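Fair warning: this is a prediction, and the values are worked out from it, not measured in the lab. The analysis underlying the following values was restricted to heavy atoms, covering all of them including side chains, and did not include hydrogens, waters or symmetry mates.
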Amino acid sequence: MNEVKSPKKPLLYYYFVAMLLVMLFNFIAMPWISEHQIKDVDYNTFVTMTEQGEVGRVEIQEQSNRILFTSSDEKTVYKTAMVPDDGLVQRLLDAGVSTTGEEIEQTSTLVSILAWVLPIIIFVALGQYMSRKMMEKMGGGGNSMMFNMGKSNAKVYVKSAEGIKFDDVAGEDEAKENLTEVVNYLHDPSKYQEIGASMPKGILLVGPPGTGKTMLAKAVAGEANVPFFSMSGSEFVEMFVGMGASKVRDLFKQAKEKAPCIVFIDEIDAIGQKRSGQYGGNDEREQTLNQLLTEMDGFEGNNGVIILAATNRPESLDPALTRPGRFDRRVPVELPDLKGREAILQVHAKKIKVAEDVDFNKIARMASGASGAELANIVNEAALRAVRDGRRFATQADLEESIEVVIAGYQKKNAIMTDEEKKIVSYHEIGHALVAAMQTHSAPVQKITIVPRTSGALGYTMQIEEGNHYLMSKTEMENKIATLTGGRAAEEVVFHSVTTGASNDIEQATKLARAMITRYGMSDDFDMVALETVNNQYLGGDASLACSAETQTKIDQRVVELVKAQHEKAVNILTENRAKLDELAQYLYEKETITGEEFMNILNAQ
Ligand code: ADP
């Protein structure tokens, strides 16, 4: 789609021009005008006029060496050069001419009116000119506000042949199905109006970051062939109270002029958070939210403006925003499943050159838990790697390596590990893999490596998912904990000492064990009681405990017992298979990276 950004106006430039014009007028034009208002006469005429009583007032300007005087009706101003004349004062007194009073120059009414009015005219004219220019650039959509403050700078995407369509968004079938109704409505509103049905005014797209929410919103506009206004919630938040609200007003004004259209507000939680109601709350944010609520109520259900908003923190939104009549429809946009991941990889692989034998299914299985944006990144990394290595297309190996880059960072080429460290890391990684392989329910390993990565990992074991997994049994979870403890267990069995290398394993094992007890009801003591609530489901899902201090103590005891039991199990498995452990560790130590297949071959060899 062609993105037509609202123009950036060089306001300072206009101010500068206006100031320059006013200064030119005051310092050059004004003196010139007043000079030309004054009639030049010779001294004799002045003397004659004085004697004949034709002079009104006189001002002697000694410094400029001249005399200004007016006619008796004070309508005309004359000037003459000063001539040494001792009798001048006496002559003026005789004629009864006043030599005091206001300066004669200032009395020219035309000039003084001009001095006041002209700058105002200049400013108004410039203002008019600027606002007309702005309107032209905004495609006639702007209002005639003179300044840029409080004006919505929504990006407008106008329809174009290569606009994003639903086909460009891979997977996410449920979300697409949900949004197809909106597209149908925008195509043919009469079908819905006939029966009296009204479209929801607002649709909330909720899901983790990078799952394609923005893409879906653009695709709705692309499919329906209508203009697309996009703005991020944080763009509404301004320094001054009321500015955000004015932006909201402006956005809706533009949208209504262009209806039917789609208005997309990204990260709506930036303005839509629950209002605290406390003294000293965030006034600006609340005013903006109130304005948004008012605008949403303000337009009739069927006028063709549909608001899509995206958030990854739906629970923090103000209830007034999610009530029926506002954002009453919620479309979940979840992390892609195996099929979705494969489809996303294929969509993005079309943009680069890839080898024909690439197994996208395998890549998708390796990248379990990755979001659409991460998968797009993986494909791009693979293309970059191919260029770096001088190949003309990306291969399976490029894609596999780029998954590791996205997960664990780049290889540290010149990290120097001592021989002893390398040995420990080899045993540690084989410990994980062996415990995993010996427990029937654990997924087989895909790759084991002891090449240090920029993320700080000295080595890792990549497990691979066989298919989609939606449920996990208690045994599977226990086995997973055992696998996580396998690295440390190997160090203990072989070296009878422990290192700091297991810190990440410890963290993960504890998290799993705690979740089993507090959230999944997998302990005998607490039955099916929820002891923890999850906050920010889409952003890492940290949990907060909701129980008494005594229960917390008990939970801690159970977690320790659970992890300890699995740790012991891992130690037993490794002790029983000590010979295989040594053989595999030695092999990894020599090769540095081994595949799952090599691992299984050695394991299964007699
Ligand atoms: P969100 O708004 O959910 O954070 P975006 O819509 O901005 O995510 O997606 C970021 C990028 O990730 C997109 O530009 C696209 O390249 C990629 N992406 C995400 N989901 C998908 C998908 N389902 N199909 C294809 N590409 C996707």
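Between Asp337 and Arg341, no side-chain nitrogen of the basic residue sits less than 4.0 Å from a carboxylate oxygen of the acidic one, so the salt-bridge criterion is not met. Remark: Asp525 engages Arg558 in a salt bridge, criterion side-chain N to carboxylate O under 4.0 Å.
Taking Phe495 as the reference, Tyr427 meet the ring pair (Phe, Tyr, Trp, His ring centres under 6.0 Å) condition, with sequence neighbours excluded. Under the salt bridge (charged side-chain N to carboxylate O under 4.0 Å, His left out) criterion, Glu374 pairs with no residue at all, not counting sequence neighbours.
In this model, no donor atom of one side chain and acceptor atom of the other lie less than 3.5 Å apart for His348 and Asn380. With 3.5 Å as the limit, one finds a donor-acceptor pair spanning the side chains of Gln566 and Lys569. Defined by atom type and a distance below 3.5 Å, a donor-acceptor pair is missing between the side-chain atoms of His567 and Lys564. Using a 3.5 Å distance cut-off with no hydrogens or angles, the side chains of Glu491 and Thr499 do pair a donor with an acceptor. In summary, the side chains of Gln586 and Glu590 do present a donor paired with an acceptor at a separation below 3.5 Å, with no hydrogens or angles considered. A donor-acceptor pair shorter than 3.5 Å cannot be found between the side chains of Ser402 and Glu381. Of the N and O atoms on the side chains of Gln439 and Thr483, at least one donor lies less than 3.5 Å from an acceptor on the other residue.
The side-chain tip of Lys201 does not point at the ring of Phe327 from less than 6.0 angstrom away and within 45° of straight on.
Contact between Lys176 and Val169 at its shortest, heavy atoms only, is NZ-O, 2.6 Å.
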